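Data first, discussion second: the structure below is written as structure tokens.
The shown structure was predicted, so the numbers you read here are calculated from the model rather than taken from an experiment.
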Amino acid sequence: MKISGLGDLQKQLDKIQKEIENAINGEARLDEIFPDDFIKQNTKCNSIEEFFVNSPFTVKTIEDYNKLDEHELDIYTKENTDYKDWKEFSGTATNLYAKKILKEKGFDFN
């Protein structure tokens, strides 16, 4: 028995994987990865922009973000979110974003 269509499925999966990798590697906007509803549920802020405006950090560019002191960001995150550190907070947001992309492409793993 020959199964057809696997090549098309692989191409679609490769495209989705690329979109997710782009999101994880910083090619998605922060407000896409951290939508307002996620921020409102997990912080006292209304947006990721407000989260950083209220922080002791100046984050106006990707360079500013890349220069953040991880330890200080972890402390701020722990004090201002429902998460223990930035890695857990951003990881959860990234996973939800990836699931959203997959769902938009017709995949739903719930």
Side-chain angles (χ1 to χ4, degrees):
M1 173 184 225
K2 183 177 179 183
I3 300 174
S4 62
L6 291 179
D8 291 338
L9 177 61
Q10 186 61 49
K11 287 178 186 177
Q12 187 178 13
L13 291 172
D14 289 344
K15 183 179 177 185
I16 292 167
Q17 180 180 352
K18 182 70 174 167
E19 288 180 35
I20 292 170
E21 287 172 357
N22 288 344
I24 292 169
N25 292 325
E27 294 185 29
R29 294 187 332 257
L30 281 178
D31 63 340
E32 291 175 321
I33 298 171
F34 298 94
D36 293 348
D37 60 333
F38 177 81
I39 295 297
K40 289 174 186 175
Q41 289 173 5
N42 296 288
T43 75
K44 293 180 180 168
C45 299
N46 292 311
S47 68
I48 191 66
E49 180 180 11
E50 183 181 330
F51 178 77
F52 281 114
V53 166
N54 292 341
S55 78
F57 316 109
T58 301
V59 181
K60 295 186 179 189
T61 66
I62 192 67
E63 290 81 18
D64 293 340
Y65 173 79
N66 289 334
K67 292 179 186 177
L68 290 176
D69 179 280
E70 270 187 63
H71 179 70
E72 294 297 318
L73 183 55
D74 285 343
I75 292 170
Y76 177 72
T77 301
K78 184 176 183 175
E79 292 174 351
N80 294 281
T81 73
D82 297 332
Y83 295 88
K84 67 179 180 176
D85 57 26
W86 178 254
K87 183 177 179 179
E88 183 181 61
F89 181 59
S90 62
T92 300
T94 301
N95 286 337
L96 292 170
Y97 180 69
K99 285 180 182 179
K100 177 182 173 230
I101 290 173
L102 290 171
K103 189 172 184 176
E104 288 172 357
K105 299 296 180 186
F107 295 92
D108 193 0
F109 301 103
N110 291 331

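- Asn95 contributes atom CG, which lies 6.5 Å from atom NZ of Lys99 (distance to the nearest 0.5 angstrom).
- Between the OG1 atom of Thr81 and the CG atom of Asn42 there is a distance of 7.0 Å, given to the nearest 0.5 Å.
- The structure places CD of Glu88 at 9.5 Å from CG of Asp82, a figure rounded to the nearest 0.5 Å.
- Considering only residues two or more places apart in sequence or on other chains, Phe52 meets the ring-ring contact (aromatic ring centres under 6.0 Å, His included) condition with Trp86.
- Classification of Lys87 and Asp85 as a salt-bridged pair fails, no side-chain N sitting under 4.0 Å from a carboxylate O.
- Using a 4.5 Å heavy-atom threshold, the side chains of Asp69 and Leu73 count as separate.
- Clustering ILVMFWY residues whenever any of their side-chain heavy atoms sit less than 4.5 angstrom apart, transitively, puts Tyr65 in the very cluster that holds Tyr97.
- Atom CD of Glu50 has more than 12 neighbouring heavy atoms from other residues, nucleotides or ligands inside a 6.0 Å radius.
- Taking CD from Glu79 and OG from Ser55, the interatomic distance works out to 11.5 Å, rounded to the nearest 0.5 Å.
- When only modelled atom types and interatomic distance are considered, Glu49 and Ser47 share no side-chain donor-acceptor pair under 3.5 Å.
- Side chains of Leu68 and Val59 form a contact here, defined as non-hydrogen atoms less than 4.5 Å apart.
- Ring-centre distance between Phe34 and Phe51: not below the 6.0 Å cut-off.
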Tell me, with the steps shown, if Asn80 and Thr43 meet side-chain contact (heavy atoms from CB on, under 4.5 Å). CA-CA 6 Å; Asn80 294 281; Thr43 75; 5.8 Å; no
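- Under the 30°/60° scheme for interplanar angles, the aromatic rings of Tyr76 and Phe57 are found to stand perpendicular.
- Here the straight-line distance linking atom OH of Tyr83 with atom OG1 of Thr77 works out to 11.5 Å at 0.5 Å rounding.
- With contacts defined as side-chain heavy-atom distances shorter than 4.5 Å, the pair Phe38/Ile33 does not qualify.
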